[in-house]
Visitor: 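Dropping a structure here in structure tokens format, bear with me for questions.
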Amino acid sequence: QVQLVESGGGSVQAGGSLRLSCAASEGTVGTYTMGWFRQAPGKEREFVAGVSWTGVNTDYAESVKGRFTISRDNRKNTVYLQMNSLKPEDTAVYCCAVGPRFRSGIVTETTEYRSWGQGTQVTVSS
């Protein structure tokens, strides 16, 4: 079992960039799909991006394609989310979570993930 801690959030102007990190402070995540999710006030948690255990396969929500990039460094037991061209609608608490083990395809359902981190706040102003 793993414990995840997110960092890197903050406040930026529209068009700016942020790089989020998700580190496993307990256990390892090198054999699992990892995902980033976000939740804005009054809205449901939604899938943002996912990466397979090998780092080869990725998937993104349509709203962030071309702007966000998910990656991982299994040596550091860490997953990243590079966010460029940020928009006000990207404002949310961003969380990472652990998905299925030894899978090449990316699942997007919240129910397929576990070991949720506490999240990091991202605020984008216009």
Side-chain angles (χ1 to χ4, degrees):
Q1 187 163 341
V2 301
Q3 186 174 54
L4 305 178
V5 179
E6 301 93 340
S7 62
S11 298
V12 298
Q13 295 284 340
S17 298
L18 285 173
R19 184 173 184 257
L20 307 184
S21 297
C22 170
S25 60
E26 179 182 298
T28 60
V29 296
T31 59
Y32 297 85
T33 292
M34 295 295 293
W36 282 99
F37 297 77
R38 67 187 182 188
Q39 186 170 26
K43 299 183 66 178
E44 297 295 321
R45 178 176 286 168
E46 65 172 341
F47 172 83
V48 175
V51 60
S52 65
W53 70 284
T54 62
V56 173
N57 302 112
T58 59
D59 195 20
Y60 301 89
E62 287 295 327
S63 60
V64 307
K65 283 184 177 178
R67 300 188 298 121
F68 291 9
T69 302
I70 187 171
S71 62
R72 67 193 301 161
D73 186 341
N74 288 340
R75 296 170 301 171
K76 296 181 178 180
N77 215 22
T78 301
V79 181
Y80 306 95
L81 185 67
Q82 178 66 47
M83 306 186 295
N84 298 325
S85 301
L86 283 163
K87 305 175 180 180
E89 51 262 46
D90 294 319
T91 296
V93 173
Y94 285 70
C95 299
C96 59
V98 180
R101 194 179 191 186
F102 294 130
R103 300 282 184 85
S104 57
I106 307 300
V107 295
T108 62
E109 295 80 9
T110 302
T111 54
E112 295 294 324
Y113 290 80
R114 59 183 174 82
S115 299
W116 297 88
Q118 290 297 109
T120 185
Q121 177 71 47
V122 171
T123 302
V124 185
S125 59
S126 58

Visitor: Do Val2 and Thr28 have side chains that get closer than 4.5 Å, going by heavy atoms?
Guide: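 They are not in contact (no side-chain heavy atoms under 4.5 Å apart), so the answer is no.
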Visitor: Would Trp36 end up clustered with Val5 when hydrophobic side chains under 4.5 Å apart are linked, directly or stepwise?
Guide: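 No.
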Visitor: Check whether Leu18 and Tyr94 end up in the same hydrophobic cluster, where Ile, Leu, Val, Met, Phe, Trp and Tyr are linked by side-chain heavy atoms less than 4.5 Å apart.
Guide: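 Leu18 clusters together with Tyr94.
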Visitor: A side-chain contact here means heavy atoms from C-beta on lying under 4.5 Å apart; do Val93 and Thr120 qualify?
Guide: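 A side-chain contact is absent here, since even the closest heavy-atom pair is not under 4.5 Å.
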Visitor: Any chain of hydrophobic side-chain contacts (each under 4.5 Å) joining Val79 to Tyr60?
Guide: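 The answer is yes; both residues are in one hydrophobic cluster.
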Visitor: When you compare the side chain of Phe68 with that of Leu81, does any pair of heavy atoms fall below 4.5 Å?
Guide: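 Yes. Closest side-chain heavy atoms under 4.5 Å.
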Visitor: Taking C-beta and beyond as the side chain, do Cys95 and Glu6 meet within less than 4.5 Å on heavy atoms?
Guide: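 Yes. Closest side-chain heavy atoms under 4.5 Å.
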Visitor: Would a hydrophobic clustering, with Ile, Leu, Val, Met, Phe, Trp and Tyr connected at side-chain separations under 4.5 Å, put Val48 with Leu86?
Guide: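 Per the 4.5 Å side-chain linkage, Val48 and Leu86 are co-clustered.
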Visitor: Distance-only, no hydrogens or angles: does the Thr91 side chain make a donor-acceptor pair with backbone N or O of Glu89 under 3.5 Å?
Guide: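 Between the backbone of Glu89 and the side chain of Thr91 there is no qualifying donor-acceptor contact (under 3.5 Å).
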Visitor: Please report the shortest heavy-atom distance between Ala40 and Ala92, naming the atom on each side.
Guide: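 In this case the closest contact between Ala40 and Ala92 is N-CB, 3.9 Å.
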Visitor: Heavy-atom distance under 4.5 Å between the side chains of Leu20 and Met83, does that happen here?
Guide: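 Heavy-atom side-chain distance check passes, below 4.5 Å.
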Visitor: Where does the angle between the aromatic ring planes of Trp53 and Phe102 fall among parallel (under 30°), tilted (30 to 60°) and perpendicular (over 60°)?
Guide: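 It falls in the perpendicular class, over 60°.
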Visitor: Taking all heavy atoms of Ser115 and all of Val98, pick out the closest pair and write down the distance.
Guide: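 It is CB-CG2, 3.9 Å.
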Visitor: Working note: Ser85 + Arg67, criterion side chain to side chain donor-acceptor pair (under 3.5 Å); need CA distance, chi angles, decisive distance, verdict.
Guide: CA-CA 6 Å; Ser85 301; Arg67 300 188 298 121; over 6 Å; no
Visitor: Tell me whether Glu44 at atom CD has more than 12 heavy atoms from other residues, nucleotides or ligands lying less than 6.0 Å away.
Guide: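 Check fails, neighbour count at 12 or below.
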Visitor: Would you give the length of the straight line joining atom CD1 of Ile106 to atom CZ of Phe47, rounded to the nearest 0.5 angstrom?
Guide: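 Nearest 0.5 Å value for the CD1-CZ distance: 7.0 Å.
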Visitor: So, is the end of the Arg45 side chain (NZ or CZ) under 6.0 Å from the ring centre of Trp116 and within 45° of the ring's axis?
Guide: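 Satisfied, under 6.0 Å and within 45°.
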Visitor: Have Thr31 and Arg101 got a donor and an acceptor in their side chains that come within less than 3.5 Å?
Guide: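 Thr31 vs Arg101: donor-acceptor pair found between side chains.
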Visitor: Once rounded to the nearest 0.5 Å, what's the spacing between atom CD of Gln121 and atom OG of Ser11?
Guide: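 Between Gln121 CD and Ser11 OG, I get 7.5 Å after rounding to 0.5 Å.
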Visitor: If you draw a 6.0 Å radius around CD in Gln118, do more than 12 non-hydrogen atoms from other residues or ligands fall strictly inside?
Guide: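 12 or below, so no.
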Visitor: Would you give the length of the straight line joining atom OG1 of Thr69 to atom CG of Asn84, rounded to the nearest 0.5 angstrom?
Guide: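 Answer rounded to 0.5 Å: 6.5 Å.
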Visitor: Is there a donor-acceptor pair closer than 3.5 Å between any side-chain N or O of Asn77 and the backbone N or O of Ala23?
Guide: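 No, Asn77 side chain to Ala23 backbone: no donor-acceptor pair under 3.5 Å.
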Visitor: With rounding to the nearest 0.5 angstrom, report the OG to CD distance, Ser17 to Gln82.
Guide: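 So the gap between those two atoms works out to 6.0 Å.
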Visitor: Start with the C-alpha distance between Val64 and Arg38, add both sets of side-chain angles, then the distance that settles side-chain contact (heavy atoms from CB on, under 4.5 Å), and finish with yes or no.
Guide: CA-CA 12 Å; Val64 307; Arg38 67 187 182 188; 3.9 Å; yes
Visitor: Any side-chain heavy-atom pair from Thr110 and Glu46 closer than 4.5 angstrom?
Guide: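 Side-chain contact under 4.5 Å: no.
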Visitor: Cation-pi between Arg19 and Tyr80: NZ/CZ under 6.0 Å from ring centre and within 45° of the ring axis?
Guide: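 Verdict for Tyr80: a cation-pi partner in Arg19.
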Visitor: Are the side chains of Val29 and Leu4 in contact, using a 4.5 Å heavy-atom criterion?
Guide: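 Yes. Closest side-chain heavy atoms under 4.5 Å.
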Visitor: Please walk me through it: do Val124 and Lys87 pass side-chain contact (heavy atoms from CB on, under 4.5 Å)?
Guide: CA-CA 6 Å; Val124 185; Lys87 305 175 180 180; 5.5 Å; no
Visitor: Can you check whether Thr58 reaches Ser52 side chain to side chain, under 4.5 Å on heavy atoms?
Guide: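 In short, these two side chains do not touch, never coming nearer than 4.5 Å.
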Visitor: Is the distance between the ring centroids of Phe37 and Tyr113 less than 6.0 Å?
Guide: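 Centroid distance Phe37-Tyr113: below 6.0 Å, so yes.
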